[in-house]
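In what follows, every heavy atom counts, from backbone to side chain, and hydrogens, waters and symmetry copies are set aside. This structure is a prediction, so every number in the text was calculated from the model and none was measured.
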Amino acid sequence: MADKSSSNAYWKANIRTIQIFLVIWFVCSFGFGILLRPMLAGIGIGGTDLGFWFAQQGSILVFLVIIFAYAARMNKLDREHGVEE
């Protein structure tokens, strides 16, 4: 990655990936767990309603999935731009 345009493309893709994962995390934790909880009250999962589940453990599980998906995406992005370890 010697030239500036390649470096800019890498960081642009990196920032875009971060933004996408932050939006997913926000929607799952704040959206489903707090804002949309009354709408999700009728849907049952594990003996409780879906909104409560997202507030208590669903957002944590989504966050763990995001961590592994981000690592995989960044490894792929690193290989595409020639900056892998």
Sequence neighbours excluded - salt bridge (charged side-chain N to carboxylate O under 4.0 Å, His left out) pairs with any residue from residues 22-31:
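Sorted result for residues 22-31: empty, none.
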Provide the full list of salt bridge (charged side-chain N to carboxylate O under 4.0 Å, His left out) pairs with a residue in residues 54-66, sequence neighbours left out, each pair given once.
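Residue pairs passing salt bridge (charged side-chain N to carboxylate O under 4.0 Å, His left out), neighbours aside: none found.
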Under 3.5 Å, which donor-acceptor pairs link side chains of residues 14-24 to any protein atom two or more places apart or in another chain?
{"from": "T17", "atom 1": "OG1", "to": "A13", "atom 2": "O", "distance (Å)": "2.8"}

S29: partners by side chain to side chain contact (heavy atoms under 4.5 Å, CB included), with sequence neighbours left out:
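Once residues adjacent in sequence are excluded, the partners of S29 under the side chain to side chain contact (heavy atoms under 4.5 Å, CB included) criterion are W25, S59.
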Go through the structure and list residues passing side chain to side chain contact (heavy atoms under 4.5 Å, CB included) with I67, not counting sequence neighbours.
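By the side chain to side chain contact (heavy atoms under 4.5 Å, CB included) rule, I67 matches F63, L64.
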Could you list the donor-acceptor pairs under 3.5 angstrom formed between side-chain atoms of residues 30-51 and any protein atom two or more places apart in sequence or on another chain?
{"from": "D49", "atom 1": "OD1", "to": "G51", "atom 2": "N", "distance (Å)": "3.2"}
{"from": "D49", "atom 1": "OD1", "to": "F52", "atom 2": "N", "distance (Å)": "3.0"}

Taking only distance into account, with no hydrogens and no angle test, what donor-acceptor pairs under 3.5 Å do side-chain atoms of residues 68-78 form with protein atoms, sequence neighbours excluded?
{"from": "N75", "atom 1": "ND2", "to": "A71", "atom 2": "O", "distance (Å)": "3.3"}
{"from": "D78", "atom 1": "OD1", "to": "Y10", "atom 2": "OH", "distance (Å)": "2.6"}

